[in-house]
Protein chains: 2
Amino acid sequence: MRMTSRPEHLLIEHLGAQLVTVGEEIPERARHDWSGQQPVCPLAWIRPRSTEEVSAVLRICNELRLAVVPQGGLTGLAGGAHPVAGCVALSLERMNGIEEIDPAMATMTVGAGVVLEAAQAAAEAAGLFLALDLGARGSCTIGGVLATNAGGNRVIRYGMAREHVLGVEVVLADGTVVTSLNKMLKNNAGYDSKQLFVGSEGTLGVITRAVLRLQPRPTFSTCALCGCRDFAAAMALLAAARSGLGPSLTAFEVMWPSFYHFMGEKLPSLPQPLAGRHGIYVLIEVSGFDAEREAERLEALLAKGLEAGDVEDAVVAASGRDVAAFWAIRESVSEYSKVIGKVAAFDVGLPAHATGQVVERLEAGAVQRWPDAIALSYGHVGDSNLHFVANVPSAGAEQPSAEISAFVYETVRSSGGTISAEHGIGTLKRQYLPYTRSPSELDLMRRIKSALDPNGILNPGKVLEWPPEPEAGTR
Amino acid sequence: MRMTSRPEHLLIEHLGAQLVTVGEEIPERARHDWSGQQPVCPLAWIRPRSTEEVSAVLRICNELRLAVVPQGGLTGLAGGAHPVAGCVALSLERMNGIEEIDPAMATMTVGAGVVLEAAQAAAEAAGLFLALDLGARGSCTIGGVLATNAGGNRVIRYGMAREHVLGVEVVLADGTVVTSLNKMLKNNAGYDSKQLFVGSEGTLGVITRAVLRLQPRPTFSTCALCGCRDFAAAMALLAAARSGLGPSLTAFEVMWPSFYHFMGEKLPSLPQPLAGRHGIYVLIEVSGFDAEREAERLEALLAKGLEAGDVEDAVVAASGRDVAAFWAIRESVSEYSKVIGKVAAFDVGLPAHATGQVVERLEAGAVQRWPDAIALSYGHVGDSNLHFVANVPSAGAEQPSAEISAFVYETVRSSGGTISAEHGIGTLKRQYLPYTRSPSELDLMRRIKSALDPNGILNPGKVLEWPPEPEAGTR
């Protein structure tokens, strides 16, 4: 019995059962991303093996007006890859080939489904360095990293994902393949259209392949953990690190006591390299090409900071084991589900000088509203990026997430910040986008969306509302 | 007598004579850019003093369907700012305010009409560093630099103009003002629309203000001039410089003998720091934060190069005067009009490994076709960017420019290069754009153009043909 009137059967008929999975056979992992939303079973889960197959999928979905949600490693925290009801989940996981490493051009060409860590390892094996790095490196894929313009730990030195990409191949909503696998550092031949797709969270096209820029591999890297007097002292240390270390400064991570001590208490296995309590904690990483000199400069920086009273205590890693231990404190964020349960997690950008006061307002405001609130602050402060997470233990499963979001985003708005520094908008932050973007900026985004995806099949409801609604109140 | 039926009078009537200049009063400088094309007197020359005035100009031009050619410092070599018949030349020169320098954020906010050199000086006065730099620094403006995504001397370290801009304000074709003066390094709140305008050569919107990213100011900089064995040796030196100097390598300029000796002979006042003749010449600049160490590393690099036979002779600058002298050789390109006359000038991008052979083919091919041809090669080879200029003395004013262009671009196409690395497309390279961009890439550009400027008033005929023509042969 053929039932070609049902769209999932049409998909199987046109694309084949090798590509298309439907119903109960769709695995759990395709039904949700890391945004914490309720799983949604898509209409179909499609895993093409080539650009041509991606094109075929989009062509038919466009004809059938089926929503398409592109999926990479599903590690996004904003809901960008979370299925919507009745959608086709388009997984790029089979397009995981490292197609070429070109040492002369210092580039690598990869499929969208390559896991970031695998790309890093391949670059290293070729004597080069893929500087892009983030906590989800073991699961996130290059396609997702580019589609969300991911940030991570080394932005202060190497920039966001956007700055690591030289070329992309994308498939547009109507199935058109646009191959721009440029390898050259400079190519001003017309519009640099790839910039549109980087950071558009799969709403303008599906990235299928990419050319990434590789760097000379630093021959030396170390880090130091510092206990500083207060936020102002950490900012003074940042300024001194920028001018004293220049491009050797490859990470500057700040942890407020709320985060540092809470995680230390909850996870007794975490190292405690510093004695006593301090006003704020900083993890500084230096990387370079001259071990002795880099180490000297780091020591000099810390000595000056100690002398000035900005730094109260500091430990420099003496081994790779120390480096891993120091980073383990910062990366203990992956243990929230174990030590706290569900958290409302925020990724906001702030003018650097405002960050200290904003954290005070956020932490005090949370406890004022929910007296037993757990509110933890940390972030890539060197890049104007603060992470803040909150949980209200007494609320149990009924976390006041919407109220916490409103409170956080109002605070950020009043400080001239952005509601998303590196995680994107997805669905979770969409209603707050007007806090950061003006009506004319939003109109421009909608104009671009309409031009590239007139039927609105690509990741509908992500970033922008769909169907577009006039925002009478805000114009 | 009112003659409101004539568009230039309508412009004066609506915008006022303070903004609008017409007829013979339009100065010579507004009638041409540096592309060498015949001057064209625009219908009107309009110089708004504010974003609101730019908006008013575009609104009325859009209503009247008048072509608008945005103009900055008019130093472009591809014709992007050259007036077209019957157009309004929209000069941003009055919007030349350095509005703010924010030391905490390391940003500066400037009007589009600020001259690059003035912006550099203002950053330096604030103890910071605007790393964007190019030969035309004394005339080119920030608006033009961004609109063309200009490159220049320090791309190898700091990237193209795109990487120096954090926020822009643009006025769209219909007069809509989109203000996105973001200062944060990370802001993933929706599409990063500014990327559309950077490098679009004024065809998608008019940039009125910008936030530029500033850097820590290196405390030390020096350079060395090297005579190398051949192109392969220069490439070996580049690889060694990348890994040995890391981010201290801030320029790597290659000059072929054709250029180096020709300019030396024609300009006897140019310094001749190296003895003898060599296969190729390299200018290396290092900048950093530790004079002694940077100098040591440069010396070590050169010593290794000499030992390996890649470097045949090298001179390290001993003073600021030496630095200026070495750069004067490279920057003697500004003297072409004096020493050669009119040249056909090319700015192409090439896969690094192919560059040596391409230069051989270009120089030999030019002389084969035009036996007395002067063909000079040099460029930012560290960024895959070659400049090539040609002149045929015997042809006098009747230079075979079209034939030379066809020859050069065919050669570049067959080598997998791009017809524009940093100068843009303008009008001069438009017909060759399909050599570098595929039909689907061009279609995508047209789709973006139509979405943002449906009446095609913005810089018509620049980058893309206008009105759009179906390219039957290439689809």
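Every heavy atom of this structure was used, including side-chain atoms; hydrogens, water molecules and symmetry mates were not.
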Open item on the list: Can you tell me which portion of B/T107 sits under 4.5 Å from chain A's heavy atoms? Options are side chain, backbone, both or neither.
Closed with: neither

Task: Partner chain A: residue of B/L204, B/T148, B/V198, B/L464 with the largest heavy-atom pair count (under 4.5 Å) - done: B/L204

Task: Residue B/N182 versus chain A: region with a heavy atom under 4.5 Å - done: neither

- [ ] Please flag which part of B/M445 lies under 4.5 Å from any non-hydrogen atom of chain A: side chain, backbone, both or neither.
- [x] both

Task: Reported NZ-to-CZ distance for the pair B/K186 and A/R162, which is rounded to 0.5 angstrom - done: 14.0 Å

TODO: Heavy-atom pairs under 4.5 Å with chain B are the metric here; pick the option from A/P247, A/S450, A/G382 that has the most.
DONE: A/P247

Task: Engaged part of A/V178 at the chain B interface, taking heavy atoms whose separation is under 4.5 Å - done: both

TODO: Please report the closest heavy-atom contact between A/A189 and B/T418, naming both atoms and the distance.
DONE: CB-OG1, 3.5 Å

Open item on the list: What part of B/T436 gets within 4.5 angstrom of chain A, counting heavy atoms only: side chain, backbone, both, or neither?
Closed with: side chain

Task: Top of B/L350, B/V463, B/I156, B/D102 for chain A proximity - count of heavy-atom pairs under 4.5 angstrom - done: B/L350

- [ ] For chain B, find which of A/E163, A/R293, A/R242 contributes the most heavy-atom pairs closer than 4.5 angstrom.
- [x] A/R293

- [ ] Name the option with the most non-hydrogen atom pairs under 4.5 Å to chain B; the candidates are A/G416, A/S193, A/G244.
- [x] A/S193

TODO: Identify which of A/P218, A/A104, A/G199, A/S180 forms the greatest number of heavy-atom pairs closer than 4.5 Å to chain B.
DONE: A/S180

Open item on the list: Below 4.5 Å, heavy-atom pairs only: which of A/L452, A/I419, A/T176 has the largest tally toward chain B?
Closed with: A/L452

Open item on the list: Looking only at heavy atoms and a cut-off of under 4.5 Å, which of B/H353, B/M235, B/E201, B/M160 has the most pairs with chain A?
Closed with: B/M160

Open item on the list: Quick one, A/E441 and B/Y191 - any side-chain contact, counting heavy atoms below 4.5 Å?
Closed with: no

Task: Closest-packed option against chain A by number of heavy-atom pairs under 4.5 Å, given B/A421, B/P216, B/S248 - done: B/A421

TODO: Indicate yes or no: at least one non-hydrogen side-chain atom of A/R437 is less than 4.5 angstrom from one of B/N187.
DONE: yes

Open item on the list: So does A/V177 get a backbone contact from the side chain of B/S440, meaning a donor-acceptor N/O pair under 3.5 Å?
Closed with: yes

Open item on the list: Would A/I448 and B/L196 count as a side chain to side chain contact (heavy atoms under 4.5 Å, CB included) here? Give the steps.
Closed with: CA-CA 10 Å; A/I448 296 166; B/L196 269 180; 3.5 Å; yes

Task: Heavy-atom closest contact (A/E422 atom, B/N188 atom, distance) - done: O-ND2, 3.2 Å

TODO: Decide yes or no for B/K183 and A/P351: does some side-chain heavy atom of the first lie under 4.5 Å from some side-chain heavy atom of the second?
DONE: no

Task: Atom group of A/T179 that falls short of 4.5 Å from chain B, counting heavy atoms - done: backbone

Task: Selection from B/N385, B/D383, B/T219, B/L433 maximising heavy-atom pairs under 4.5 Å formed with chain A - done: B/D383

Open item on the list: Counting only heavy atoms from other residues, nucleotides and ligands, does the tally under 6.0 Å from CD of A/Q357 exceed 12?
Closed with: no

Open item on the list: If we define contacts as heavy-atom pairs under 4.5 Å, which of A/G349, A/G288, A/G190, A/P103 has the most with chain B?
Closed with: A/G190

Task: Contact class of B/M184 relative to chain A, heavy atoms under 4.5 angstrom - done: both

Task: Exercise: identify the closest heavy-atom pair between A/F289 and B/G246 - done: CE1-CA, 3.6 Å

- [ ] To the nearest 0.5 angstrom, please state how far the CZ atom of A/F197 sits from the CG atom of B/L444.
- [x] 5.0 Å

Open item on the list: Under 4.5 Å from any heavy atom of chain B, what part of A/R430 do you find: side chain, backbone, both or neither?
Closed with: neither

Task: salt bridge (Lys or Arg N to Asp or Glu O under 4.0 Å) evaluation trace for A/D453 with B/R447 - done: CA-CA 11 Å; A/D453 180 19; B/R447 217 194 268 203; over 6 Å; no

Task: Spacing of CD belonging to A/Q195 relative to CG belonging to B/D192, to within rounding of 0.5 Å - done: 8.0 Å

